[in-house]
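Heavy-atom basis, side chains included; hydrogens, waters and symmetry copies ignored. Being a predicted model, the structure only gives us computed values, none of them experimental. Order of the sequence lines sets the chain letters (A, B, ...), proteins ahead of strands, with each chain counted from 1.
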Amino acid sequence: MISSDIPAPLEVEASRRIFGLETEFGLHLDAPNARHVTPEEVAGHLFHSVVQWGRSSNVFLTNGSRLYIDVGAHPEYATAEADSISDLIALDKAGERIVQDLVVGGQQRLRMAGIDGIIHLYKNNTDSAGNSYGCHENYLVRRRADFAAFGSSLLPFLVSRQIVTGAGCVTRTPSGAHYSFSPRADHMWEGMSSATTRSRPMINTRDEPHANADLYRRLHVIVGDSTMAQPTTLLKVGATDLILRLAEARVAMPNLTLAREMHAIREIAHDVSGRATVERADGQTITGVELQEAYLEFVLTHIDGLIERTEEVEAIVDLWERGIAAVRSGDFSAVATELDWAIKHRLIERYQERLGCGMDDPRIARLELAFHDVSPELGLVRKLESAGLIKTVVAEERIVRAMGEPPASTRAHLRGAFVRAALESGRDFTVDWVHLKITGSQSRTVLLKDPFRNEDARVDVLIEALGADT
Amino acid sequence: MPQTHATSDAFEDDASEPTPPPAQAATTDALDDLLDQIDGSLQVNAAQFVRSFVQKGGQ
């Protein structure tokens, strides 16, 4: 029975938004001398400790986030609801550490099964055979009748965003290797649809708001790359949020509809000079740089108007501007500590100089994997951050705290408190994005439809019941 | 060649030569330090290591 005394939705300012990031990690067992082990088997060992405490390989954590094994044996971490980008970055980085913390136990389990090896977890988007997996961005938007038109109007932005927020990658072809903006671009097959693996769209239209469906909808963007550097994540989510704020205020988007979006996203990805032209619906041509300049200009004209000027907004548009300028000039140094594709480009270029090798050398591919490895010892990002070669946005303490604590200002606060109390009580419980329940108890299921509500008397009662009725 | 000349030439050369901005030199040094640290492990069976990372696709 579901509790019927559901509080009315909170009235929230239009600028307030719930953000979430879902990351599928690449799972790699390096065990050259062992028998063949399937990724499913490795994932099973990796999640052994999770199943021990959560009785499932699909759990919600005390920080309100979800950890599970997704299609293709990919460990996946979905952040709790964040209502600020800095909270989102802290949760996202916390997720890298949460999955990495499973590695030692997983390796021990594998050793017991006779397999001696090292488990690597990569926050990237392709394996060596070209299979792709994603980083999905979730933006809570206000429900509107013209969702299809709203989504379509965002596509030229999403097609070209990679020139600043792409993860960068070496593309290997039979005729040689070259550097590209986005590993994910080659795996996109349509603009908008409800499919995910069969035919990957840039915007997935599956209508799952995990919130009051009369008020909200989820904009599920699946075209983005997984990003390692915190400033890249800030720009990826931040620029998209600023565009959404204007679209939600019914400001007309720049009319830049592209003739063939799937063709355009590839053309732009494979030319880091930013000069590749793509065709517009009106027959004219435009470059990725010009597209991004148009969107940045559009946003800048509304700062101090519809968009309140905050330090964060200033940081976003400043990095956006410098990122576009870097591509336009071909001098990437101004963003080489902030944007993934430029950081990686510098790393690869320097390693190539030292080795005197081509970009198609396997050692370069090995370096790329190390860049995305979330291990503090085997991965490069934490080392680059310590050396001042990658800037950070949130303080270390905040990431550590986010491993166990949810954001205080959203529904995640309620979920996290319930999960913590339930684990302490030793009682069985069931949790998802909108429900909390003590298994087999007389207490009712609490339905949490409002992602902005961080206080709820029903949850207090439920938590009390954990200690009381047995 | 008189010693004084050589000294003054060297001085002038030093002064006129465009010195790389210190930040960039420091960056390259820091990058090289890092690459020195990891180079050994990256080179071990790099091709086999990379090839062995194959998983089914996800979403």
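- Using a 4.5 Å cut-off between heavy atoms, Thr126(A) touches chain B through its backbone atoms (N, CA, C, O) alone.
- Both the backbone and the side chain of Ala129(A) have a heavy atom closer than 4.5 Å to some heavy atom of chain B.
- Side-chain contact of Asp225(A) with Ser182(A): a donor-acceptor pair under 3.5 Å is present, judged by distance alone.
- For Leu367(A), the parts lying under 4.5 angstrom from a heavy atom of chain B are both the backbone and the side chain.
- Both the backbone and the side chain of Leu42(B) come within less than 4.5 Å of a heavy atom in chain A.
- Between Phe53(B) and Tyr133(A), the ring-plane angle classifies as perpendicular under the 30° and 60° cut-offs.
- Remark: aromatic rings of Tyr179(A) and Trp341(A) are distant, center separation not under 6.0 Å.
- Contacts between Asp33(B) and chain A at a heavy-atom distance below 4.5 Å are absent for every atom of the residue.
- Identified by a heavy-atom distance below 4.5 Å to chain B, the contributing residues of residues 373-382 of chain A are Leu380(A), in residue-number order.
- Under 4.0 Å is where a charged nitrogen must lie from a carboxylate oxygen, and between Glu22(A) and Arg218(A) at least one such pair does.
- Proximity to chain A involves both the backbone and the side chain of Asp39(B), based on heavy atoms less than 4.5 angstrom apart.
- Top candidate by heavy-atom pairs under 4.5 Å with chain B, chosen from Gly72(A), Pro362(A), Ser128(A), is Ser128(A).
- Judged by distance alone, the side chain of Arg200(A) and the main-chain N or O of Ile222(A) form no donor-acceptor pair under 3.5 Å.
- Heavy atoms closer than 4.5 Å to chain A are found nowhere in Asp29(B), neither backbone nor side chain.
- Look at Asp340(A) and Lys123(A) and you find no salt bridge, because none of the NZ, NE, NH1 or NH2 atoms lies under 4.0 Å from a carboxylate O.
- Only the side chain of Leu389(A) comes within contact range of chain B, judged by heavy atoms closer than 4.5 Å.
- Judged as a side chain to side chain donor-acceptor pair (under 3.5 Å), and not counting sequence neighbours, Asp116(A) has no contacts.
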Exercise for review: Go through Glu368(A) and Arg172(A) one step at a time and tell me if the salt bridge (charged side-chain N to carboxylate O under 4.0 Å, His left out) criterion holds.
Suggested key: CA-CA 13 Å; Glu368(A) 278 194 278; Arg172(A) 292 161 188 86; 3.1 Å; yes
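- When Arg363(A), Arg346(A), Arg354(A) are compared by the number of non-hydrogen pairs under 4.5 Å with chain B, Arg354(A) comes out ahead.
- Within the 4.5 angstrom heavy-atom criterion, atoms from both the backbone and the side chain of Gln55(B) approach chain A.
- Residue Leu35(B) touches chain A through both its backbone and its side chain, counting heavy-atom pairs closer than 4.5 Å.
- In this structure, the portion of Pro39(A) lying under 4.5 Å from any heavy atom of chain B is its side chain and not its backbone.
- With a 4.5 Å cut-off on non-hydrogen atoms, His187(A) does not touch chain B at all.
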